[in-house]
**Q** 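Below are the structure tokens for one structure; questions will follow.
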Amino acid sequence: MSADHAHGNSQVNCGSKGSDAHKHKDKHKDKEQRHKDHKKDKEREKIKHSNSEHKEHSEKKHGDKEKLKHSNGSSEKHREKHREKRREDKIKTSQEEKPKKEKENGYVRERSPAAIKSEPEEDNGFYSSPQHNKTSKREHHDEGFEYKPKKVKTEHDKKAKKRKHEDEEDEEDEDIKPKKKTKDKKAAEGKKGKKEEEEKWKWWEEERATDGSKWRFLEHKGPVFAPPYEAMPDRVKFYYDGKPMKLNAPAEEVATFFAKMLDHEYTTKDIFRKNFFKDWRKEMTSEEKSKLSDLNKCDFGEMSEYFKAQSEARKQMSKAEKQKIKEENERLLQEYGFCIMDNHKERIGNFRIEPPGLFRGRGDHPKMGMLKRRIRPQDIIINCSKDSKQPKPPPGTKWKELRHDNKVTWLASWTENIQGSIKYIMLNPSSRIKGEKDWQKYETARRLKKCVDRIRTQYREDWKSKEMRIRQRAVALYFIDKLALRAGNEKEEGETADTVGCCSLRVEHIKLYPKMDDQEYVVEFDFLGKDSIRYYNKIPVEKRVFKNLQLFLENKQPEDDLFDRLNTSILNKHLQELMDGLTAKVFRTYNASITLQQQLKELACPEDSLPAKVLSYNRANRAVAILCNHQRAPPKTFEKSMQNLQTKIDEKQNQLSAARKQLKAAKAEHKASHDDKSKRVVELKRKAVQRIEEQLMKLQVQATDREENKQIALGTSKLNYLDPRISVAWCKKWVVPIEKIYNKTQREKFAWAIDMAEKDYEF
DNA sequence: TAAGGAACTTAGCAGTCCATGC
DNA sequence: GCATGGACTGCTAAGTTCCTTA
């Protein structure tokens, strides 16, 4: 790897939410922000030092939130005009500069096992698990599969054996982690009592279909619809201009959506209010419409209070009442939450249809507040096997369509009314269909590892190209690789929040500094990425990249595209030529996983205690989260909970000094008396000191971890970017229980990795 | 071949659950 | 038994990528 590829360590983003409220909050939290930045600095410093390959370093500077402001409405027209022109230019350029040699159509989208097997060098690891290699029992091919379901495999026959095994495992773990185990055990017992759990199916030991089909048999019961609207009790009034007013059901229902969000900042936003009012009026009778002309005169207070009281009442319900609800939910889950796919009972991810409500777009979303309409059976397309028991629509209704398409994975779909996009009901991440895809994703990233040096050499070469489009492509790829930026598709203006990724960066999103402090060629990034999360980073780049950027910026307005001769389609086509299956997002997966692996190697210390090891893991995970810019709003109770923890630490410290004093006294006593009794006392006191020291250490580690995690979200990278086999191998190598790293749901999702990865696994 | 659509992954938020400590 | 707070889960928005259509 070249010294230039400082993945994960040179990053110095200092992000924040892009919303007005956040900006506002940020201003008032400058001090806190500086503190946070300092923490992050330290974090990065650690990463930097720990990675010898990563020589490049960057400087961290506190982000000026005000810089985040985007062009105001007056420049919108100008920008739009420019966009139009740029679009035309891009099209023209891509036609003009089309490579002479057309790409051969050799791309196999769905990597079939056969195709993978035919590339032994690159795909070493794909079927590398011993278990997998052993499974030659499945020599029959897919054509031989029956479409009809055989008996669905459930726990029955192997149940006793399996449970025995689980119990043994429980006992083993008890020593290491009794508390957590208690929880899991309880949950397991509860389930055992209630239902027949499906046998853990090792789909990863079986072959995959090679014909592009996703399943052979699919049966399910259709979705669960949102409960119908229940009218407000008469005592709960809505007021207009200070006077009570009874609304008709449709208008009242939409009013309740607003009332439910009254405490939320959304309802203070102009766009939200405007969109809401416009859509609300569509639900009103003409009489209501003529009366209700000003949202500011509407008083939803009583409605809001009513919902709060309801929520409070729910919390105060008796155990029995709560249990009843739980049972009903469980019943629904059992009935609708599973499907049968190819002889196996699989959990459905989202079997409930999204209820109606007000659209909560993120960031400055132009459609926030619009009415998300109620989805009815006649909006739903059902997908299942022809020969399965077809799901029945609710009495008196019809499905929009009944489809039997086994080239897709979804069970039901509908078109939502805000963006006009399609929503799906799909399987849970623990399902075969999702797991296979996930596994495949990491295998593609591992293949990238093998050719990344070549790709890097090539794009560095391309920085010198005579063709502008190639230089742009090469610089963009460098950013995607080095900074783990997203591809950045073009978006329809006015339809969504103004966010960008690499290919859609605009001139206004970067600043160039030929010299900054003691560094040369520094690029400052400041833009809103996915979910309107701010990406802020200052990074020194190679001279050639810097010169190219200067060139790309020439004669452009702030709102012009930085890469005006590039889009994600062009980039991905190019990547496809470099490696089969390579797309921009593979770089994110690759860099995230390789960073985790490197960090774990650097941070782990064999002598560490278990909590210290877990802290090391979390730090490695954090390094990735920082690289990928995964942020979260600090928990509302953060300061308070930190204070509480600090109090505990202080108390523990006092306790420790008291215990030490006692030990000292006991030692003195023993020195004087030399009897057995005083000796035993010394031993007891010593043990007490030891125990308190351990408790203190645990609390301190907890405080450090929590503080470092304040604004970093670890979950996203853990679930989507980190090859789970790296974590599993690390756990096995350092004898860390997997439960310390993955919770139950995560263990289910990564069952394939937990089963196949040994301690020597290399990404 | 561009544009739009479909399918699927990635993302943060918020409500709920449940362990913990008093 | 209760309050607290962190972990977990569900939800659904917002991306990416590939496919289809005109």
Side-chain angles (χ1 to χ4, degrees), chain A residues 17 87 90-91 94-95 98 107 109-110 179-180 182-183 186-187 214 261 264 311 314-315 319 322 325-326 329 333 337 349-355 357 359-363 365 367-368 372 381 383 405 407-410 413 415-416 418-424 426-429 433-434 437-438 441 486-492 495-497 499-504 529-533 567-569 571-573 575-576 581-586 588-589 592 628-633 635-638 640-642 644-645 648 702 706 709 713 715-717 719-721 743-746:
Chain A
K17 300 280 145 31
R87 259 179 235 133
K90 274 196 182 184
I91 296 162
S94 67
Q95 281 166 347
K98 181 132 187 64
Y107 175 44
R109 191 172 76 85
E110 198 71 36
K179 279 170 186 170
K180 176 77 186 165
T182 315
K183 181 186 166 187
K186 268 186 192 169
K214 304 289 165 64
M261 291 179 74
H264 203 288
S311 156
R314 261 197 305 275
K315 279 182 204 155
K319 253 190 177 173
K322 279 183 184 168
I325 294 175
K326 215 173 163 187
N329 281 335
L333 174 71
N350 55 327
F351 60 94
R352 288 170 199 273
I353 298 284
E354 296 173 19
F359 176 72
R360 304 179 173 208
R362 295 172 192 160
H365 201 294
K367 295 189 172 181
M368 63 166 78
K372 248 179 73 170
I381 302 174
N383 194 30
D405 181 0
K407 296 275 189 285
V408 296
T409 67
W410 53 268
S413 74
T415 304
E416 54 92 25
I418 305 287
Q419 328 260 17
S421 64
I422 306 168
K423 300 249 180 173
Y424 302 93
M426 288 183 189
L427 294 195
N428 184 276
I433 221 161
K434 294 286 183 188
K437 209 66 196 297
D438 214 30
K441 172 180 78 184
R486 293 186 187 85
N489 284 312
E490 282 159 294
K491 295 165 75 186
E492 215 176 316
E495 291 295 303
T496 56
T499 62
V500 296
C502 186
C503 294
S504 51
K530 182 177 179 180
D531 291 322
S532 293
I533 298 288
N567 61 35
T568 52
S569 167
L571 179 66
N572 280 337
K573 247 179 218 163
L575 292 175
Q576 192 55 238
L582 185 62
T583 62
K585 87 186 181 94
V586 179
R588 239 165 115 80
T589 312
C628 295
N629 202 34
H630 291 144
Q631 300 187 38
R632 63 166 186 168
K636 281 165 197 154
T637 53
F638 184 82
K640 200 185 160 204
S641 77
M642 278 310 279
N644 291 349
L645 196 53
K648 274 188 196 168
Q702 200 184 344
R706 200 182 293 175
N709 247 10
T716 308
S717 48
L719 281 177
N720 301 300
Y721 290 105
N743 66 32
K744 191 167 166 277
T745 318
Q746 291 163 343

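Numbered from 1 within each chain, the chains take letters A, B, ... in sequence-line order.
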**Q** Is any side-chain nitrogen or oxygen of A:Lys585 closer than 4.0 Å to OP1 or OP2 of B:dT10?
**A** yes
**Q** Looking only at heavy atoms, which two atoms of A:Ser532 and A:Gly363 are closest? And how far apart?
**A** OG-CA, 3.3 Å
**Q** Name the nucleic acid region contacted by A:Thr568, choosing base, sugar-phosphate or nothing; use a 4.0 angstrom heavy-atom cut-off, strictly under.
**A** nothing
**Q** Considering non-hydrogen atoms only, spot the tightest contact between A:Phe351 and A:Gly337 and give its length.
**A** CD2-CA, 3.6 Å
**Q** Report yes if a side-chain nitrogen or oxygen of A:Ser569 is closer than 4.0 Å to either non-bridging phosphate oxygen (OP1 or OP2) of C:dT17; otherwise report no.
**A** no
**Q** Do A:Asn743 and A:Gln746 make a side-chain contact, defined as non-hydrogen atoms from C-beta onward lying under 4.5 Å apart?
**A** yes
**Q** Could you check whether the rings of A:His365 and A:Phe359 sit parallel, tilted or perpendicular, using 30° and 60° as the cut-offs?
**A** perpendicular
**Q** Let me know the distance between CG of A:Asn567 and P of C:dC18, rounded to the nearest Å.
**A** 13 Å
**Q** Rounded to the nearest Å, what distance is computed from the CE atom of residue A:Met261 to the P atom of nucleotide B:dA14?
**A** 9 Å
**Q** Take atom NZ of A:Lys214 and atom P of B:dA7, then tell me their distance rounded to the nearest Å.
**A** 9 Å
**Q** Take A:Leu719 and A:Ser311, find for each the nucleotide of DNA chain B with the closest heavy atom, and name the residue whose nucleotide sits nearer the 5' end.
**A** A:Leu719
**Q** Can a side chain N or O of A:Thr716 be found less than 4.0 Å away from OP1 or OP2 on B:dA11?
**A** no
**Q** Find the distance A:Lys441:NZ to B:dT9:P and express it as a whole number of Å.
**A** 8 Å
**Q** Could you tell me how far apart A:Ile381 (CD1) and B:dG5 (C1') are, to the nearest whole angstrom?
**A** 12 Å
**Q** Nearest to the side chain of A:His630 - B:dC18, B:dC13, B:dA11?
**A** B:dA11
**Q** Between atom CZ of A:Arg588 and atom OG1 of A:Thr583, what is the distance when rounded to the nearest 0.5 Å?
**A** 12.0 Å
**Q** State the OG-CD distance between A:Ser504 and A:Glu490, to the nearest 0.5 angstrom.
**A** 8.0 Å
**Q** Rounded to the nearest Å, what distance is computed from the CD atom of residue A:Gln631 to the P atom of nucleotide B:dA11?
**A** 12 Å
**Q** Any donor and acceptor pair, going by atom type alone, linking the side chain of A:Lys372 with main-chain N or O of A:Glu416 inside 3.5 Å?
**A** no
**Q** What integer distance in Å separates A:Gln746:CD from C:dC8:P?
**A** 7 Å
**Q** Heavy atoms under 4.0 Å, any strand shown: does A:Tyr721 hit a base, just sugar-phosphate, or nothing?
**A** sugar-phosphate
**Q** Return no unless some side-chain N or O of A:Asn743 is found under 4.0 Å from OP1 or OP2 of C:dC8.
**A** yes
**Q** On DNA chain B, check which nucleotide each of A:Ser717 and A:Ile422 is closest to and give me the residue with the more 5' one.
**A** A:Ile422
**Q** When the distance from CZ of A:Arg314 to C1' of B:dT16 is rounded to whole Å, what number comes out?
**A** 11 Å
**Q** Is there a side-chain polar atom (N or O) of A:His264 under 4.0 Å from OP1 or OP2 of B:dA14?
**A** yes
**Q** Kindly indicate whether the side chain of A:Thr499, heavy atoms from C-beta on, has any atom under 4.5 Å from the side chain of A:Lys530.
**A** no
**Q** Would you mind building the protein contact string for nucleotides 10-15 of chain C? One character per nucleotide, 5' to 3', B for base within reach (heavy atoms under 4.0 Å), S for sugar-phosphate only, - for untouched.
**A** SSBBBS
